[in-house]
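Note that this is a predicted model, so its numbers are computed, not measured. Each chain gets a letter, A, B and so on, in the order the sequences are listed, and its residues count up from 1.
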There are 2 protein chains.
Amino acid sequence: MSDRRTQILDAAAMLIAERGFTSTSVDEVIKGAKLSGKSHFYHYFKSKEELGYEVLNRQFERFAERGLAILREPMIDPLERLSLFIDAVVALQAESGGRRGSPFGNLAAELADAHEGFRVRIEAVFERWASQIRSLLWEARPQLHDDVDAVRLSRFIIAALEGAVLMTRVKRDLSVLEGIAIDLKRFIGMHVRDGSTLPQGRHVD
Amino acid sequence: MSDRRTQILDAAAMLIAERGFTSTSVDEVIKGAKLSGKSHFYHYFKSKEELGYEVLNRQFERFAERGLAILREPMIDPLERLSLFIDAVVALQAESGGRRGSPFGNLAAELADAHEGFRVRIEAVFERWASQIRSLLWEARPQLHDDVDAVRLSRFIIAALEGAVLMTRVKRDLSVLEGIAIDLKRFIGMHVRDGSTLPQGRHVD
DNA sequence: TGCGTGTTGGACCGGGTGGTCCTAGTTTAG
DNA sequence: CTAAACTAGGACCACCCGGTCCAACACGCA
């Protein structure tokens, strides 16, 4: 992919994360990417909408590098990986001081009702996360209680994290997310067989 | 408060819930409230921003009628009330088929970064919820383990519910919220002393 | 009788929106 | 060498935005 294209995508991703999709204008993206004018932009993207879709894809890929890679890591105990994944979410938020939030959650809240095209794409993103967590839970099933519902638990984990990130953003306080991460790990630990180790890291009350 | 004012507020609340604040225009509100023109609108509100603030207040009051009233209900066991509160959130979402989402969560995601005025008001809303749940947990402390952290648990409950509502909206599937509600109740049950009853309603796996 | 409040309806403003079109010069790959 | 892709810059479009101003009328209350 061309340099300029990724340059535009990066600038757009930043602006959309800051202001949302509808409140980000094409002109601002052009300014941010230091393009010469509109024609330059429309040489690469046929519409603002298409730009939004590609930004979403790119955000997912970037997140996949850091988050999903951890979930897949074959050399680490699956439940330990899950714990590391949660830590990674916290760390990612810490980078922006808990101000930025989840790019998917933000877009979801902004556009789920209004724009079907975005809705289905965001749904797909969440589904890919959920399926990754499900297969991790499947892998961990010897350590888990027999009645663990992987579908439900995976959804719960994602919902708790998305909600936590949102609350953190509103309160401008990273410790909200950290606290919820602790509780979430304890909840996951609840599903672990008594004989197994609880990979929840140090648990400070 | 005058009839017309509430009429405008209602129309605005609906539109903002559907499309978000920035994507809702004053003209649309005027059309929705069947006003004669802009001067009519600006007779009641000095700006779109002020309208937004009042809509937020109203949404909170309306929610308080249904949600916070349950949390305060003095004749019911506190943990039972918490369970009923969660059920009420599910029921509220069911009314819109899980499409509408939380008016606070939506605005939070849309405006937390961009608009400080809204951010602090939404923060206050969440804080009032959290404090209500905290005092409920305080009331229930004889039934709870000694090491229960009420601040953290109240935040967790709100985050899980907000996240659940968002996921439900994205997936357009109410059962997502229902499943998370079940898990959330189980998580709360985790904090209950072994001798006490677990007021989580019927628990279907 | 007047005065304040509500109602109607429209003209108007500066500024922004996504998007098109056109011309022309510069790279780069076949 | 030539064609296609890229860069540049600006004019222009119809439309929407929040907000102001004005003139006129209806109403109940003092």
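Within the nucleic acid shown, B:T24 comes within 4.0 Å of sugar-phosphate atoms alone, with no base atom in reach, counting heavy atoms only.
Under the salt bridge (Lys or Arg N to Asp or Glu O under 4.0 Å) criterion, no residue pair touches residues 153-164 of chain A, with sequence neighbours excluded. Screening residues 36-53 of chain B for salt bridge (Lys or Arg N to Asp or Glu O under 4.0 Å) gives B:D27-B:K38 as the qualifying pairs, with residues at least two apart or on separate chains. Listed by first then second residue, pairs satisfying salt bridge (Lys or Arg N to Asp or Glu O under 4.0 Å) with a partner in residues 6-15 of chain A read A:D10-A:R58, A:D10-A:R62, not counting sequence neighbours. Among residue pairs with one or both ends in residues 88-101 of chain A, those qualifying as side chain to side chain donor-acceptor pair (under 3.5 Å) are A:R66-A:E95; sequence neighbours excluded.
Using a cut-off of 4.0 Å between Lys/Arg side-chain N and Asp/Glu carboxylate O, A:E139 and A:R81 are scored as salt-bridged. Under 4.0 Å is where a charged nitrogen must lie from a carboxylate oxygen, and between A:R169 and B:D113 at least one such pair does. Contact check on A:K185 versus A:D87 returns a salt bridge, with a Lys/Arg side-chain nitrogen under 4.0 Å from an Asp/Glu carboxylate oxygen. The pair B:R172-A:E116 counts as a salt bridge, with a side-chain nitrogen and a carboxylate oxygen less than 4.0 angstrom apart.
Rounded to a whole Å, the CZ atom of B:F21 is 13 Å from the P atom of D:dC17. Taking atom CD1 of A:I8 as the reference point, atom C1' of D:dT7 lies 12 Å away to the nearest angstrom. B:I30 has its CD1 atom 13 Å from the P atom of D:dT20, to the nearest Å. Nucleotide C:dG15 holds its C1' atom 14 Å from the CD atom of A:E28, rounded to whole Å.
In this structure, the side-chain contact (heavy atoms from CB on, under 4.5 Å) partners of B:E123, at least two apart in sequence or on a different chain, are A:V170, A:K171, B:R119. Residues meeting the ring pair (Phe, Tyr, Trp, His ring centres under 6.0 Å) test with B:F45, sequence neighbours left out: B:F41. For B:F85, there are no ring pair (Phe, Tyr, Trp, His ring centres under 6.0 Å) partners at least two apart in sequence or on another chain.
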Please list, pair by pair, any protein nitrogen or oxygen found under 3.5 Å from a nitrogen or oxygen in nucleotides 23-30 of chain C.
none

Pairs: protein N or O with nucleotides 13-16 of chain D N or O, under 3.5 Å:
none

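Below the 3.5 angstrom threshold, one finds a donor paired with an acceptor across the side chain of B:K38 and the base of D:dG18.
When all heavy atoms of B:Y44 and B:R5 are compared, the closest pair comes out as O-NH1, 2.7 Å.
The side chain of B:S39 lies closest to C:dG10 when the candidates are D:dG19, C:dG10, D:dG10.
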In residues 176-184 of chain A, what donor-acceptor pairs under 3.5 Å come from side-chain atoms, sequence neighbours left out?
unit_1: A:D183; atom_1: OD1; unit_2: A:R186; atom_2: NH2; d: 3.4
unit_1: A:D183; atom_1: OD1; unit_2: B:R152; atom_2: NE; d: 3.4
unit_1: A:D183; atom_1: OD1; unit_2: B:R152; atom_2: NH2; d: 3.0

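Against DNA chain C, the stretch residues 106-122 of chain B makes no heavy-atom approach under 4.0 Å. Looking at residues 40-50 of chain B, you'll see B:Y42, B:S47, B:K48 sit with a heavy atom under 4.0 Å from some atom of DNA chain D.
At D:dT7, one or more side-chain N or O atoms of A:R4 fall inside 4.0 Å of OP1 or OP2 (strictly under the cut-off).
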